Amino acid sequence: MLQIPYIKENRDLVIERFTKRNLDLTKTIDEILSLDEQRKATQQSMDHDLAEGNKLAKQIGDLYKSGKAEEANVLKEQTKSLKEKSNEEKAKLQEIEEAQQNLLYQLPNVPNEIVPKGNTDADNKIVEEHGNVVTFDFEALPHWDLAKQYGLIDFEVGVKISGAGFPVYTGKGAKLQRALINFFLDEAENAGYSEVIPPHLVNEASGYGTGQLPDKEGQMYHVGVDDLYLIPTAEVPITNIYRDVILKESDFPIKNSGYTPCFRREAGSYGKDVRGLNRLHQFDKVEIVQIQHPSKSYEALNDMVKHVSGILDKLGLQYRIALLCGGDLGFTSALTYDFEVYSAAQNRWLEVSSVSNFEAFQANRLKLRFKNTEGKTELAHTLNGSALALPRIMAALLENNQVEDGVNIPEVLFPYTKFQKID
RNA sequence: GGAGAAAUGGCAGAGCGGUUGAAUGCACUAGUCUUGAAAACUAGCAUACUGAAAGGUAUCGGGGGUUCGAAUCCCUCUUUCUCCGCCA
């Protein structure tokens, strides 16, 4: 959520930046600002009336003490109309604040200056490409065929147990999955992230804190009886650790990593996009989260990009980094880099990581602040990234490393898998 | 799931209808003293809105009510603790 003083001071810039998202929010913004004027005026007159009432109450108290009950009764009469008036003003104030809040919730984050204007992922800017192109001198199989052939993943039994999008990992498939999780967590630890294991169900306040609610409600599984949401990403519980917290400057940077399963309803997807591991309702992911001083958050973003690159380099995957255009940029993000690995048998790029700087957008909802050197509280910046999402890494590893009689495991994983080849 | 108790500032802990935004202690920050440190002493030390400032307003788990006036009384929700039951 954007801060009103920020919007007020940067009205034109904000409106202009939203055009990167192909949004014209001039009307919404002006309405928010006008409501703010109303809010102030109402607040002021209410405060004035309340102050008046407080004064009278004090006088009445004093009069009673000195035994002048009659004089007190006269004053009591005066408080009546004052109270009525302040009650009306209170109701009006609540109405204004609610209207303002609703409009504010509709505003996405302001894209960073370097975010390209655009509509879809076709307008994203590829900023880096790494790794070697994989070619085959035999007929390469997509990962779902490999998974079946070597008994790595059972999609059908997952359908029986839960439904489509809930695969069962078996044999070396299960071991490879666990190996990858441990490898990712170790990499994060080496990069200075401290590991947490957060809850997998979160309450409504947490959903609002990181911005999944109110606008992306349908994307999460909701446990109605207890009013809890299954996490769509570890970002939600991990970032919410710092909800309603006031940090010291010396606490920066806060770096957390965490492995969790992620649950997404993904309504309305179809076709080749959802084949095999490409898109699931439940998947595993190692997430990295940073809380940073505003002046250092873009430095942190670059660190995170390097961290993810390092992992993909070690796995020997061909990948590219895309700077997301305004239209593809998430609601809460100011700047996002997507990582895509090339899946050599499907012949397509698969998104495996998304690294974002939310600046103060989440922090504002979270009330995540710090005391600056002048002793004033200021919003911190939050960032997060996948490092990494498992299924598509698994898909690319299987496809890209297949040989005629099996699949080779990247060397860096040997200590984790304890086997070197799937056959 | 059943029964009971409780929720106050960073922490501990008073207050239970009227200069209480809140005693006191600890922690923290600055200063005095000291060669330095400790100790001692002095001062400061919640958040938000509003105002040029002085100041004003709100907040003692959340919401609502009683009252001229609520941290203090009532209702309700939430959470925590203790005992019983169940259980990985």
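Chain letters run A, B, ... following the sequence lines, proteins first and then strands; every chain starts at 1. Fair warning: this is a prediction, and the values are worked out from it, not measured in the lab.
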P-based separation of G15(B) from G2(B) [nearest Å]: 33 Å
Roughly how many Å apart are A23(B) and C16(B), using the P atom of each and rounding to a whole number? 15 Å
Rounded off to whole Å, could you give me the CD-to-C1' distance for the Q38(A) and C49(B) pair? 17 Å
Going by atom types only, do T260(A) and E287(A) share a side-chain donor-acceptor pair under 3.5 Å? no
Grab the CD1-P distance between I96(A) and U50(B) for me, whole Å please. 13 Å
Which one, U47(B), U57(B), C49(B), comes nearest to the side chain of I246(A)? U47(B)
If you check the Q44(A) side chain, which of U50(B), C49(B), A46(B) turns out closest? U50(B)
Any T377(A) side-chain nitrogen or oxygen under 4.0 Å from OP1 or OP2 of A48(B): yes
Separation of C28(B) C1' from E249(A) CD (nearest whole Å): 16 Å
What's the separation between atom OH in Y242(A) and atom OG1 in T382(A), rounded to the nearest 0.5 Å? 12.0 Å
Using the C1' atom in both, what is the distance from A46(B) to G63(B), to the nearest Å? 22 Å
Steps toward salt bridge (Lys or Arg N to Asp or Glu O under 4.0 Å) verdict (R11(A), D30(A)): CA-CA 8 Å; R11(A) 177 187 171 273; D30(A) 285 341; 2.6 Å; yes
Please report the distance, rounded to the nearest Å, between CD in Q101(A) and P in C49(B). 13 Å
Counting only heavy atoms not in E411(A), do more than 12 sit closer than 6.0 Å to its CD atom? no
Measure the distance from CG on D62(A) to P on U19(B) and round it to the nearest whole Å. 9 Å
If a pair means Watson-Crick or G-U wobble with both distances below 3.5 Å, what does RNA chain B look like in dot-bracket form, with | marking bases paired to a different strand? ((((((((.[[[..)..(.....]]].(((((.......))))).(((((....))))).[[[[[..)....]]]]])))))))....
Regarding L50(A), tell me which of base, sugar-phosphate or nothing describes its non-hydrogen contacts under 4.0 Å with the strands shown. sugar-phosphate
Listed pairs under 3.5 Å, donor-acceptor, residues 191-201 of chain A side chains, sequence neighbours left out:
from: Y193(A); atom 1: OH; to: Q290(A); atom 2: NE2; distance (Å): 3.0
from: S194(A); atom 1: OG; to: K255(A); atom 2: O; distance (Å): 3.2
from: S194(A); atom 1: OG; to: N256(A); atom 2: ND2; distance (Å): 3.3

For the pair made of CE in M46(A) and P in G56(B), what is the distance, rounded to whole Å? 16 Å
Side-chain donor-acceptor pair present, R243(A), S206(A), cut-off under 3.5 Å: yes
Using the C1' atoms only, state how far U29(B) lies from G10(B), rounded to an integer number of Å. 13 Å
Spacing of the P atoms in G4(B) and G69(B) (rounded, Å): 34 Å
Gap in Å between the two P atoms, one belonging to C41(B) and one to U24(B), rounded: 14 Å
In this structure, is the centre-to-centre distance between the rings of F263(A) and H281(A) below 6.0 Å? no
Could you go through nucleotides 66-70 of chain B and list every protein N or O atom that sits under 3.5 Å from one of its N or O atoms, giving the distance for each pair?
from: G69(B); atom 1: OP1; to: K83(A); atom 2: NZ; distance (Å): 3.2

Side chains of S297(A) and N357(A): donor-acceptor distance under 3.5 Å anywhere? yes
N/O (side chain, R369(A)) to phosphate O (OP1/OP2, U47(B)) under 4.0 Å: no
Applying side-chain contact (heavy atoms from CB on, under 4.5 Å) to K40(A) and not counting sequence neighbours gives K8(A), D36(A)
Spacing of E97(A) atom CD relative to A48(B) atom C1', expressed in whole Å: 11 Å
Contact string for nucleotides 74-80 of chain B, one letter per nucleotide 5' to 3', B = base within protein heavy-atom range under 4.0 Å, S = sugar-phosphate only, - = neither, reads -------
How far, in whole Å, is A70(B) from U20(B) if one measures between their C1' atoms? 11 Å
Verify the ring-centre separation between Y221(A) and Y229(A): is it less than 6.0 angstrom? no
Please confirm whether K248(A) makes a cation-pi placement over F370(A), using NZ or CZ under 6.0 Å from the six-membered ring centre and within 45° of the ring normal. no
Taking salt bridge (Lys or Arg N to Asp or Glu O under 4.0 Å) as the criterion, tell me which of K85(A), K90(A), K55(A), K83(A) meets it with D49(A). K85(A)
Show me the donor-acceptor pairs, under 3.5 Å and distance only, between side chains in residues 107-115 of chain A and residues at least two apart or in other chains.
from: N109(A); atom 1: ND2; to: T332(A); atom 2: O; distance (Å): 2.9
from: N109(A); atom 1: ND2; to: F358(A); atom 2: O; distance (Å): 3.0
from: N112(A); atom 1: OD1; to: I114(A); atom 2: N; distance (Å): 2.9
from: N112(A); atom 1: ND2; to: Y298(A); atom 2: OH; distance (Å): 3.1

E89(A) CD to A58(B) P: how many Å, rounded? 13 Å
Using the P atom as the point on both nucleotides, what is the distance between U67(B) and U72(B), in whole Å? 16 Å
